[in-house]
Protein chains: 4
Amino acid sequence: MSFYGGLSKEHLKQFIQRIERLEEEKKIIAEDIASVFSEAKGGGFDVKAMREILKKRKLDASELEQQEGIVDTYKIALGMTPGDDEPKEQ
Amino acid sequence: MSFYGGLSKEHLKQFIQRIERLEEEKKIIAEDIASVFSEAKGGGFDVKAMREILKKRKLDASELEQQEGIVDTYKIALGMTPGDDEPKEQ
Amino acid sequence: MSFYGGLSKEHLKQFIQRIERLEEEKKIIAEDIASVFSEAKGGGFDVKAMREILKKRKLDASELEQQEGIVDTYKIALGMTPGDDEPKEQ
Amino acid sequence: MSFYGGLSKEHLKQFIQRIERLEEEKKIIAEDIASVFSEAKGGGFDVKAMREILKKRKLDASELEQQEGIVDTYKIALGMTPGDDEPKEQ
DNA sequence: AACGTTGAAATAGTTC
DNA sequence: GAACTATTTCAACGTT
């Protein structure tokens with residue numbers, strides 16, 4: 001880190017500043033999201049329920065990518081039906 | 001914190017030591033879990049698949065508790081069938 | 001929520017979609033930040049130390065000093081010298 | 001995995017159940033730890049500072065000093081005085 | 001043994 | 001101010 005004269009010092013400063021700028025942008029978007037929830041709430045919607053919906057939609061999207069194969073074999077061994085995912089067998 | 005003579009000093013020490021003991025126990029259990037995976041692996045089982053099974057069983061257990069009600073209403077509005085959870089509509 | 005025919009249904013759908021779009025943007029920025037850290041790491045910088053720097057730049061001096069003061073007090077109570085950080089006393 | 005009749009099926013089931021039991025124990029201990037923190041908090045102690053203490057006691061002195069050294073170097077590079085922690089320079 | 005990936009823990013922020 | 005949620009941080013793990 002101390003070689004190259006002050007070069008890496010400059011690099012460090014730039015990394016730090018780039019991150020700080022990106023975090024600023026991120027913060028703004030987070031505030032935008034909060035605004036939309038606020039607006040929805042003002043329109044009579046239940047924010048908590050909306051959050052659940054969003055969570056569910058995210059989950060559904062990721063479940064699609066779930067890998068099969070060995071996992072299914074094991075599920076069968078444990079009495080969990082592989083296609084339709086049933087809870088614990090006892 | 002500085003009142004009561006050294007009493008709170010003793011209290012602090014005791015809290016810290018209780019936590020350290022509990023963390024020690026927790027660590028041992030984590031090692032036990034690792035041992036079981038190891039043993040299973042030695043027996044020819046696929047550890048990664050086992051982890052997925054465990055995750056699934058945990059998820060299934062918690063899904064059962066999921067609250068319904070408003071959420072279902074909203075799901076219907078968004079074209080997500082409430083009973084059987086389908087992915088995104090577009 | 002069920003009044004006004006399907007109007008609020010449309011509203012809900014729009015709120016959900018606006019949020020999903022914003023969350024997508026937010027995710028991209030988060031990934032950008034991760035990239036910068038990655039790049040910095042590739043350039044030989046210590047990511048953990050960088051995070052500390054960022055945290056300290058965000059916090060104002062007084063908060064920081066206050067917190068550090070409490071920690072020192074506790075160290076003394078436990079017989080850990082505050083300046084030079086020694087491991088466990090017994 | 002499909003050889004030996006249902007033998008390995010039984011084995012798998014046993015591995016899974018052993019792990020689930022251990023994870024349950026681990027969870028209980030984690031809750032115990034949370035309780036101790038809660039109790040300490042109720043007694044007027046600063047939980048965050050306690051966590052720092054625990055972390056420092058876990059780390060050995062040399063590691064810690066090394067990490068703090070890097071942070072100081074970075075601070076200097078960014079024009080932040082290392083001893084007294086100032087917020088943003090511009 | 002470094003690397004990224006993933007899961008758990010902790011902190012911060014929000015709501016009631 | 002207590003509980004919940006979301007974000008961030010940290011550590012473990014398999015991978016290369």
Side-chain angles (χ1 to χ4, degrees), chain A residues 19 22-23 26-27 29-31 33-38 40-41 45-56 58 62 65-67, chain B residues 19 22-23 26-27 29-38 40-41 45-56 58-59 62 65-67, chain C residues 19 22-23 26-27 29-31 33-35 37-56 58-59 63-64 67, chain D residues 19 22-24 26-38 40-42 44 46-56 58-59 63 67:
Chain A
I19 290 167
L22 288 166
E23 277 181 348
K26 191 151 74 83
K27 195 183 169 193
I29 293 179
E31 286 162 358
I33 292 172
S35 298
V36 178
F37 275 120
S38 220
K41 187 179 183 177
F45 291 102
D46 183 308
V47 171
K48 193 172 174 181
M50 284 176 69
R51 284 189 199 279
E52 276 211 51
I53 293 290
L54 287 161
K55 202 188 294 177
K56 203 94 190 76
K58 212 188 283 180
S62 69
E65 301 154 16
Q66 199 197 4
Q67 67 169 1
Chain B
I19 290 168
L22 288 166
E23 276 181 348
K26 192 152 73 85
K27 196 184 168 193
I29 293 179
E31 287 162 358
D32 288 347
I33 292 172
S35 299
V36 178
F37 276 119
S38 222
K41 189 178 183 178
F45 292 102
D46 183 309
V47 172
K48 194 172 175 181
M50 285 176 69
R51 284 189 199 279
E52 277 211 50
I53 293 290
L54 287 160
K55 201 191 293 178
K56 202 95 191 74
K58 212 189 286 182
L59 237 169
S62 70
E65 301 154 17
Q66 198 197 6
Q67 68 169 2
Chain C
I19 289 167
L22 288 166
E23 276 182 348
K26 191 151 74 84
K27 195 184 168 193
I29 293 179
E31 286 163 357
I33 292 171
S35 299
F37 276 119
S38 223
E39 198 184 325
K41 187 178 182 177
F45 292 100
D46 183 306
V47 171
K48 195 170 174 180
M50 284 176 70
R51 285 189 199 280
E52 273 209 56
I53 293 289
L54 286 160
K55 202 184 295 177
K56 282 179 194 297
K58 213 188 287 183
L59 247 65
E63 275 184 79
L64 197 61
Q67 187 61 26
Chain D
I19 290 167
L22 288 166
E23 277 181 349
E24 185 55 30
K26 191 152 75 87
K27 196 185 169 192
I28 289 167
I29 293 179
E31 286 163 358
D32 287 348
I33 291 172
S35 299
V36 179
F37 276 119
S38 225
K41 187 181 182 177
D46 183 305
V47 171
K48 193 169 174 180
M50 284 176 69
R51 285 189 199 280
E52 273 208 56
I53 293 290
L54 286 160
K55 203 184 294 176
K56 281 180 194 300
K58 212 188 288 182
L59 249 64
E63 275 184 80
Q67 186 62 24

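All chains are named by letter (A, B, ...) in the order of the sequence lines, taking the proteins before the strands, and each is independently numbered beginning at 1.
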Visitor: Please report the distance, rounded to the nearest Å, between CD in Glu52(D) and P in dC10(F).
Guide: 11 Å
Visitor: Just the rounded figure in Å: distance from C1' of dA12(E) to CD of Gln67(C).
Guide: 13 Å
Visitor: Mind calculating the distance between CD (Glu63(D)) and P (dA11(F)) to the nearest angstrom?
Guide: 10 Å
Visitor: Any side-chain N or O of Lys48(A) under 4.0 Å from OP1/OP2 of dT14(E)?
Guide: no
Visitor: Can you name the side chain to side chain contact (heavy atoms under 4.5 Å, CB included) partners of Lys48(D), sequence neighbours left out?
Guide: Gln67(C), Asp46(D)
Visitor: If you look only at pairs with a residue in residues 26-35 of chain D, which of them pass as a side-chain hydrogen bond (donor to acceptor under 3.5 Å, both in side chains), with sequence neighbours excluded?
Guide: none
Visitor: Kindly indicate whether the side chain of Ile28(D), heavy atoms from C-beta on, has any atom under 4.5 Å from the side chain of Glu24(D).
Guide: yes
Visitor: Could you tell me how far apart Asp46(D) (CG) and dA12(E) (P) are, to the nearest whole angstrom?
Guide: 11 Å
Visitor: Anything under 3.5 Å between a protein N or O and an N or O of nucleotides 3-10 of chain E, put it in a table, one pair a line.
Guide:
residue	atom	partner	partner atom	Å
dG7(E)	OP1	Lys55(B)	NZ	2.3
dA9(E)	OP1	Lys26(B)	NZ	3.3
dA10(E)	OP1	Arg51(D)	NH1	3.2

Visitor: Give the C-alpha distance, both sets of side-chain angles, the deciding distance and a yes or no for side chain to side chain contact (heavy atoms under 4.5 Å, CB included) between Glu23(D) and Ile19(D).
Guide: CA-CA 6 Å; Glu23(D) 277 181 349; Ile19(D) 290 167; 4.1 Å; yes
Visitor: For a quick test of reading the model, state the closest non-hydrogen atom pair linking Ile29(D) to Leu22(B) and the distance between them.
Guide: CG2-O, 3.4 Å
Visitor: Please state how far atom NZ in Lys27(B) lies from atom P in dC10(F), giving the value in whole angstrom units.
Guide: 19 Å
Visitor: Might you work through the side chain to side chain contact (heavy atoms under 4.5 Å, CB included) test for Glu52(A) and Lys56(A), ending with a clear yes or no?
Guide: CA-CA 6 Å; Glu52(A) 276 211 51; Lys56(A) 203 94 190 76; over 6 Å; no
